[in-house]
Amino acid sequence: MLKKAICWALCLVMVLGLAACGAATESQTPTQTPAQGGQATPAPAQPEGEAPKLKAGEYETSAKGHNGELKVKVTFDENGIVDIQVVESVETADIAQSAFDLLIPAIIAQQNVALDAVTGATYSSKALLECVKSAIVAAGGTVEQFTKSAEEAANGQTVERTVDVVIVGSGAAGLSAAIEARNAGASVLVLEKLSHVGGNTYISGGYVYGTGSKYQASKGFTDDTPEALVEYWMERAEGNAWREMLELVAKKSGETLDWLVENGVEFGDPMATGISPVTRALRSPSGGVGLVEPIEKKAREAGAEILLNTTAEQLLTEGGKVTGVRAVSGNDTLIVKAKAVILATGGFDVSREAKAQYSPDIVDQESISSPGNVGDGIRMALEVGADLVMKGGYIGLYKVPEVSYRSSVNKRFTNALLVTEEGKRFVNEAIDYPILHKAMVQTGSPMFYQVFDSTIQFDDVETAIELGVAFKGDTIEELAKAAGLPEKTLKETVERYNAACKAGVDEEFGKAAERLVAIEQGPFYILKLAPATIGSLGSIKVDLDTHVLNAQGTPIEGLFAAGAVANGDFFNKTYPASGTSICMCFTFGRIAGTNAAAYAQR
């Protein structure tokens, strides 16, 4: 059972210890439908004292949640539950998902359905647990088999594994490293602390920024060179980037794009991102998921083993060499002995402590990055003597405060007017998002306000008003008063902006004429906006072969790094264009995988 626990999930026991709030008033009658060969026929009676054997397979069940039916697929082998997936849900997305993210790993890691509902998501939690219970019965088991006391669930064991290459993190860098290391003949184990692979790439817009690919040429994009790409990146870095690193990625970017296509990624037509008009960027139509899922599939097909909900905590060393990783999975400890370790743990902007130390300008800003981006790779590398490259940078964005980034009220209108809490305009509202974010930070204003009229379509504006993040007024003065802004200043700002709109020329900030929309037709609206982050810039120091370097510039034997945990020399303070980081991650991930395998097989 321990081996299964290691392969399954990280148990978030402390969080799940919250008591359930309230009892469900709706009945929760589960139904079950065996999927892909699973049978709903009860198992034959077992001898007394012996647990019934499970029928391996996938079983779909359903139960009533808060808003309607929740459908869940549970996968079993002969020993227990190996996977749980929510197939269909009409629950409130953010609330329910937070409960699922906590409960599913715990159920799998503990093989236990006797868990408390997550506070604030009682109905969704209970529906999930009922679905799993029904699936257990459908698989020929009993709920009692999967009911453990708190004391039983807390007991942990230690397991040792030995591989050629262990990779910490399963985003773009980690998955690409896994594929290349396997292609080079190394045995590979990937440790991922979250309940899914993909990291920041998974939740990204799905852009990859590069040049010189066969795919781009097939779409008619040939008027570009790696040299031109390097110059653009250097310009955006204000000269403060390692040119040789940029040159390496630029020259290999076309190869990286074609490698993605060869491995199942689909792209649309080339487009421009950043402030360059050159159409270098490619985007997966399904966003970051379209980048991650095909590459994950290839990694698994190549023979890489991926352990989800398994948190690396410490690098193991012997004689000055990195020799493995100590990790935890639920209450179990995993000791991975490896000839090479690749850190692909992502950035640090989810951690307030790390932001305060490395990028203090954003310490109070909300992060919408992957929740795994807490800087643990940096911490582990520092513990074995790694050097750092930190310049105070970050990947900045913005969002409506106090709502989910994916909420229907989280809107950004580039043709609206944007003002500070003083009611003053400060920027070209249509500029590239990292530059707009930087301008926000430089004002010192903690909150910003989008001002627009009824000609801008916003279907959920009344919902936003109810949530307290939007305001409405029949006049600009009434609008300012409702939002708590200086009435006179805002009126003057709107009048000046309207004059620019009518003239078709923005002399203050250079906004394009097609983006200049006058604010004249009431009622008038304000929607709040606050700066946020979607990534960090700054990392442990590596060379061009992805070796992690110490303060003397010497490689730490056995330790490699790729991706956001190794991006410090690539960027300065401001992000240059959507897709740049993902291109760098895939490119250096492939290099790390190849080199780590070669090191391990010396």
Side-chain angles (χ1 to χ4, degrees), residues 5 8-35 38 40 42 51-52 54 57-76 80-154 194-196 308-309 330-331 371 404 406:
W8 291 330
L10 169 65
C11 168
L12 302 176
V13 177
M14 296 301 292
V15 181
L16 291 170
L18 302 173
C21 57
T25 57
E26 304 125 318
S27 63
Q28 294 180 315
T29 305
T31 62
Q32 63 256 2
T33 305
L54 299 167
E58 297 177 345
Y59 298 82
E60 285 193 8
T61 65
S62 66
K64 190 173 183 181
H66 187 274
N67 298 337
E69 289 295 308
L70 177 72
K71 293 184 180 180
V72 173
K73 180 171 69 175
V74 185
T75 304
F76 296 85
I81 303 168
V82 297
D83 190 34
I84 301 171
Q85 294 181 23
V86 175
V87 175
E88 185 176 322
S89 172
V90 292
E91 302 296 270
T92 304
D94 294 336
I95 296 173
Q97 192 59 51
S98 64
F100 300 155
D101 286 346
L102 294 174
L103 283 171
I104 289 174
I107 294 169
I108 298 173
Q110 297 182 31
Q111 298 293 290
N112 183 21
V113 292
L115 300 173
D116 288 334
V118 176
T119 301
T122 302
Y123 297 128
S124 300
S125 300
K126 288 186 174 182
L128 177 70
L129 290 167
E130 288 299 324
C131 286
V132 177
K133 291 175 184 178
S134 297
I136 291 168
V137 174
T142 67
V143 173
E144 288 72 21
Q145 284 177 262
F146 294 85
T147 300
K148 296 181 180 180
S149 67
E151 183 178 352
E152 289 176 315
L194 299 182
S195 59
H196 61 83
L308 301 177
N309 299 286
N331 294 299
S404 165
R406 289 165 180 78

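In what follows, residues are counted from 1 in the order of the sequence shown. As a basis for the values below, the full set of heavy atoms in this structure was taken, side chains included, without hydrogen atoms, waters or symmetry mates.
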- Item | Heavy-atom closest pair, residues Ser195 and Asp101 | OG-OD1, 4.1 Å

- Query: Would you say Ile81 and Leu54 make side-chain contact, with heavy atoms under 4.5 Å?
  - Reply: no

- Message: Test of understanding: with side chain to side chain contact (heavy atoms under 4.5 Å, CB included), list the residues that count as partners of Ser89, not counting sequence neighbours.
- Response: Leu70, Val86, Glu91, Phe100

- Partners of Gln85 by side chain to side chain contact (heavy atoms under 4.5 Å, CB included), sequence neighbours excluded? Lys73, Asp83

- Item | Gln111 (side chain) donor-acceptor with Ile108 (main chain) under 3.5 angstrom | yes

- Query: Rounded to the nearest 0.5 Å, what separation is found between the CG atom of Leu194 and the CG atom of Asn309?
  - Reply: 7.5 Å

- Any Ile136 side-chain heavy atom under 4.5 Å of Phe76 side chain: yes

- Message: Looking at Lys133, I'd like to know if its NZ atom is crowded, meaning that more than 12 non-hydrogen atoms belonging to other residues, nucleotides or ligands lie closer than 6.0 Å.
- Response: yes

- Any side-chain heavy atom of Thr147 sitting closer than 4.5 Å to one from Val113? yes

- Task: Return the minimal non-hydrogen interatomic distance between Leu128 and Val72, and the atom names on each side.
- Result: CD1-CG2, 3.8 Å

- Query: Can you list the residues that meet the ring-ring contact (aromatic ring centres under 6.0 Å, His included) rule with Phe146, with sequence neighbours excluded?
  - Reply: none

- Nearest 0.5 Å please: distance from the OG atom of Ser125 over to the CG atom of Asp116. 9.5 Å

- Identify the two heavy atoms, one from Leu308 and one from His196, that lie closest to each other, and give their separation to 0.1 Å. CD2-C, 4.0 Å

- Item | Distance in Å, Asn112 CG paired with Gln145 CD, rounded so as to fall on 0.5 Å steps | 12.5 Å

